[in-house]
Amino acid sequence: IVAFFVGYIEQLTVFGAGLFVGLLVIAIFVYVIALLLFSAAAFRLSILSIICSIVMIVFAVCMFAMSVAALHLVVNRETDSVVEVFAEQWQKQARENPSRICSLQSFLGCSGYYYGGVPT
């Protein structure tokens, strides 16, 4: 899955690679903390276990909040406020990175954000 996203990062990240890179960094950090937590449990280091557990709980709360925000976007994707935000971001990327928009349109087989006056 990671290889797919890395291979197609240019086509899939219309709104910037920041979100993808941020999530990748968080995932690597969580993996390292999980290894530390496993090592702490194996060697019975209670202080390190407590610290790693607290960090993992904080990341779990953050990921839950991000999931709620993503679910909100999915459920409300056809409301005017969400459509306007995506339209503004699409237009911004079209001005700043026209080659990225063209490659995405080629990848998806579409010709723009609006199709017949209705957001697609």
**Separation of Arg95 CZ from Gln93 CD (nearest 0.5 Å)** = 9.5 Å

**Asked** Can you hop from Val55 to Ile50 via hydrophobic side chains spaced under 4.5 Å?
**Response** no

**Asked** Minimum heavy-atom separation for Ala41 to Ser49, with atom names?
**Response** N-OG, 3.9 Å

**Request:** State plainly whether one hydrophobic cluster holds both Met56 and Phe29, where clusters connect Ile, Leu, Val, Met, Phe, Trp and Tyr through side-chain heavy atoms under 4.5 angstrom apart.
**Result:** yes

**Request:** Calculate, to the nearest 0.5 Å, the distance between atoms CD1 and CD1 belonging to Ile33 and Ile51 respectively.
**Result:** 9.5 Å

**Request:** Identify the two heavy atoms, one from Leu37 and one from Ser53, that lie closest to each other, and give their separation to 0.1 Å.
**Result:** CD1-OG, 3.7 Å

